[in-house]
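Source: prediction; values computed, not measured. Any value given below was found using the heavy atoms of this structure, including those in side chains, with hydrogens, waters and symmetry copies removed.
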Protein chains: 2
Amino acid sequence: MREMLKEALEVFYRVDTAETLGEAVEWIESFAYSAMLLDRNLFGKDEGMELIPRLKKLQPSCAVMIASAYGGVEERIAGLAAGADDYLEKPYDLRELKMRLDGLIRRFAPDVIEVGSLTLDLGNQTISAEGKNIVLSKKEHDVLFFIASRPDKIFSRDDIANAVYSDPSSMTSNTIDVVISHIRKKLPVDIIETVKGRGYALKNV
Amino acid sequence: MREMLKEALEVFYRVDTAETLGEAVEWIESFAYSAMLLDRNLFGKDEGMELIPRLKKLQPSCAVMIASAYGGVEERIAGLAAGADDYLEKPYDLRELKMRLDGLIRRFAPDVIEVGSLTLDLGNQTISAEGKNIVLSKKEHDVLFFIASRPDKIFSRDDIANAVYSDPSSMTSNTIDVVISHIRKKLPVDIIETVKGRGYALKNV
DNA sequence: CCGTACATGAAAAAATCATGAAAATGTGAG
DNA sequence: CTCACATTTTCATGATTTTTTCATGTACGG
């Protein structure tokens with residue numbers, strides 16, 4: 001079941017799954033997530049719930065959705081009391097799950113990223129520093145906001161090309177590098193980190 | 001109840017909720033809102049009402065809607081007397097709430113935009129500069145006021161076409177560009193900003 | 001040090017945009 | 001209905017900006 005779900009969701013999200021409570025804890029201590037989907041019937045009924053405050057402490061901007069077969073009011077209340085943000089009754093439709101997840105993620109996504117004096121507003125898709133707006137060209141903009149969409153992740157040049165270019169296969173030169181260089185030249189602080197051999201990532205503060 | 005409402009409204013608006021009067025005060029001192037929905041039965045019957053003048057002083061263009069279970073005439077009068085702009089009787093339908101909120105927000109939205117000597121009156125849909133009225137043709141007018149409807153947003157040519165043309169798919173040429181050019185020619189100041197690669201936006205001051 | 005990966009200036013190529021002018025369409029008076 | 005005039009759309013052009021390539025210099029890890 002977990003593997004099926006993972007496979008289905010992986011079309012839209014980057015997904016990690018945990019088989020045990022300990023594994024889950026390891027994940028949330030290692031990566032920044034947008035959302036956690038927690039089956040109330042896993043890990044024992046209430047032990048699993050302990051994950052929620054733990055996650056929320058580490059990652060306040062991560063949303064928590066609980067799925068459970070027993071859809072009584074008490075269940076729902078218990079979930080929300082434990083800190084969940086949404087509640088889904090099994091059996092559920094995959095499309096419904098995706099819609100609800102998207103909604104949750106949208107609501108919880110921190111929509112500004114600040115690095116030094118620089119502010120990226122992911123909602124309005126604008127960049128500013130010390131009150132002044134900064135304008136990038138389209139490609140520069142797309143690349144920067146793609147990298148910023150997952151501040152934790154390291155993106156390979158291929159990742160970036162696939163996201164930003166309609167025909168990534170036709171990219172022969174070091175275009176991405178140059179675009180990065182241009183972005184850096186236009187921003188007052190270097191917000192992009194080069195990870196030699198792996199790609200680029202957003203500098204975490 | 002509050003959480004449910006928040007969740008429902010969050011599909012359409014950005015929502016903050018307050019559990020206590022103090023929390024509410026904190027919110028309205030920190031952010032600019034379009035509307036406040038106030039349950040008459042919260043915070044004690046009349047203490048809550050004190051919020052209204054306080055809000056109105058800080059944010060005159062913020063609308064206030066009161067919801068209450070006891071729908072007597074006196075209640076309604078008391079609410080309006082306290083400075084509320086609309087009154088909603090519980091139980092209410094969510095769709096009704098949204099419609100009424102939208103109406104309120106529209107009524108209270110500051111409806112003039114001034115850029116330099118130019119004034120756009122969104123309510124009356126008129127344009128003037130230095131006392132003189134400026135008349136645009138229909139398409140020009142539609143395009144300009146569509147862009148002005150969201151002064152912060154960048155509109156792609158597709159956005160504009162979809163909003164202004166009945167059959168946007170049949171648009172093959174650079175019609176939007178030309179209309180923009182015409183608008184610029186008729187206005188004394190260039191109020192429209194070109195965002196290369198992305199579209200057009202209203203110039204912010 | 002050495003080799004590879006990265007950064008960047010500069011030139012070339014491509015895309016985007018503004019606008020004049022012409023063609024098509026709509027409008028209203030006589 | 002017809003003509004004159006205004007509006008809307010298309011198209012061609014040139015100016016400008018963006019994007020890409022390429023060559024070369026620099027930093028980094030081993």
Side-chain angles (χ1 to χ4, degrees), chain A residues 115 125-127 133-147 153-203, chain B residues 115 125-127 133-147 153-203:
Chain A
V115 179
Q125 295 266 306
T126 56
I127 310 163
N133 257 38
I134 295 176
V135 182
L136 300 184
S137 80
K138 183 158 189 328
K139 276 272 134 65
E140 290 157 10
H141 181 97
D142 288 352
V143 169
L144 177 57
F145 275 85
F146 173 64
I147 293 175
K153 194 171 181 310
I154 298 168
F155 292 99
S156 73
R157 289 170 176 71
D158 274 359
D159 291 337
I160 298 172
N162 282 321
V164 172
Y165 288 80
S166 55
D167 180 10
S169 63
S170 72
M171 311 257 322
T172 73
S173 186
N174 64 339
T175 312
I176 302 287
D177 298 47
V178 178
V179 173
I180 297 278
S181 173
H182 290 164
I183 294 172
R184 283 175 170 153
K185 209 178 300 180
K186 289 189 183 177
L187 300 187
V189 289
D190 188 0
I191 192 178
I192 298 172
E193 181 163 17
T194 306
V195 185
K196 211 171 160 79
R198 305 227 276 142
Y200 297 99
L202 208 69
K203 265 193 186 145
Chain B
V115 179
Q125 296 265 306
T126 56
I127 310 163
N133 257 38
I134 296 176
V135 182
L136 300 182
S137 79
K138 177 146 189 340
K139 278 271 132 67
E140 291 158 8
H141 181 96
D142 288 353
V143 169
L144 177 56
F145 276 87
F146 174 64
I147 292 175
K153 194 171 181 310
I154 298 170
F155 292 99
S156 72
R157 289 170 175 72
D158 275 359
D159 291 338
I160 298 172
N162 282 321
V164 172
Y165 288 81
S166 55
D167 182 9
S169 62
S170 72
M171 310 257 322
T172 74
S173 186
N174 64 339
T175 312
I176 303 287
D177 298 49
V178 178
V179 174
I180 297 279
S181 176
H182 290 163
I183 295 172
R184 283 175 170 152
K185 211 176 298 180
K186 289 188 183 177
L187 300 187
V189 288
D190 187 0
I191 192 178
I192 298 172
E193 181 163 18
T194 305
V195 186
K196 220 168 160 68
R198 304 226 272 148
Y200 296 98
L202 210 68
K203 264 194 186 144

Take atom [atom1] of [X] and atom [atom2] of [N], then tell me their distance rounded to the nearest Å.
{"X": "F155(B)", "N": "dC17(C)", "atom1": "CZ", "atom2": "P", "answer": "16 Å"}
{"X": "K139(A)", "N": "dT16(C)", "atom1": "NZ", "atom2": "C1'", "answer": "12 Å"}
{"X": "H141(B)", "N": "dT8(D)", "atom1": "NE2", "atom2": "C1'", "answer": "17 Å"}
{"X": "H182(B)", "N": "dT10(D)", "atom1": "NE2", "atom2": "C1'", "answer": "11 Å"}
{"X": "K138(A)", "N": "dT16(C)", "atom1": "NZ", "atom2": "P", "answer": "9 Å"}
{"X": "I176(B)", "N": "dC17(C)", "atom1": "CD1", "atom2": "P", "answer": "12 Å"}
{"X": "Y165(B)", "N": "dT25(C)", "atom1": "OH", "atom2": "C1'", "answer": "13 Å"}
{"X": "M171(B)", "N": "dT9(D)", "atom1": "CE", "atom2": "C1'", "answer": "8 Å"}

Straight-line distance of [X] [atom1] to [Y] [atom2], nearest 0.5 Å:
{"X": "K186(A)", "Y": "I134(A)", "atom1": "NZ", "atom2": "CD1", "answer": "10.5 Å"}
{"X": "E140(A)", "Y": "I183(A)", "atom1": "CD", "atom2": "CD1", "answer": "6.0 Å"}
{"X": "I154(A)", "Y": "L202(A)", "atom1": "CD1", "atom2": "CG", "answer": "12.0 Å"}

Nucleotide nearest [X] (side chain, heavy atoms from C-beta), chosen from [options]:
{"X": "S181(A)", "options": "dT8(C), dT19(C), dT20(D)", "result": "dT8(C)"}
{"X": "E140(A)", "options": "dT21(D), dT9(D), dT19(D)", "result": "dT19(D)"}
{"X": "V178(A)", "options": "dT9(D), dT19(D), dG9(C)", "result": "dG9(C)"}
{"X": "N174(A)", "options": "dA7(C), dT19(C), dT8(D)", "result": "dA7(C)"}

Output the residues of residues 183-195 of chain A in contact with DNA chain D, where contact means a heavy atom of the residue under 4.0 Å from an atom of the strand; sort by number or write none.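 DNA chain D contact set from residues 183-195 of chain A: none.
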
May I ask you to evaluate whether [X] reaches the phosphate of [N], defined as a side-chain N or O under 4.0 Å from OP1 or OP2?
{"X": "Y200(A)", "N": "dA7(C)", "result": "yes"}
{"X": "T175(B)", "N": "dT10(D)", "result": "yes"}
{"X": "R157(A)", "N": "dC6(C)", "result": "yes"}
{"X": "S137(B)", "N": "dA6(D)", "result": "no"}

Do M171(B) and I176(B) come within less than 4.5 Å of each other through their side chains, counting heavy atoms only? yes

Any side-chain heavy atom of I180(A) sitting closer than 4.5 Å to one from I147(A)?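 In short, these two side chains touch, coming nearer than 4.5 Å.
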
Comparing L136(A) and S173(A) on DNA chain D - which has the more 5′ nearest nucleotide: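 Going by which nucleotide is closer to the 5' end, it is L136(A).
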
Could you tell me whether the side chain of D159(B) and the main chain of S156(B) form a donor-acceptor pair under 3.5 Å?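 Flag set: sc D159(B) to bb S156(B) pair under 3.5 Å.
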
Can you find a donor-acceptor N/O pair under 3.5 angstrom joining the side chain of D177(A) to the base of dT20(D)? no

Please determine whether any donor N or O and acceptor N or O are separated by less than 3.5 Å between the side chain of K196(B) and the base of dT16(C).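 Check passes, donor-acceptor contact within cut-off.
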
Begin with the C-alpha distance, continue with both residues' side-chain angles, and end with the deciding distance and a verdict on side-chain contact (heavy atoms from CB on, under 4.5 Å) for D142(A) and L136(A). CA-CA 9 Å; D142(A) 288 352; L136(A) 300 184; over 6 Å; no

Could you walk me through whether H141(A) and R198(B) pass the side-chain contact (heavy atoms from CB on, under 4.5 Å) test, one step at a time? CA-CA 10 Å; H141(A) 181 97; R198(B) 304 226 272 148; 3.3 Å; yes

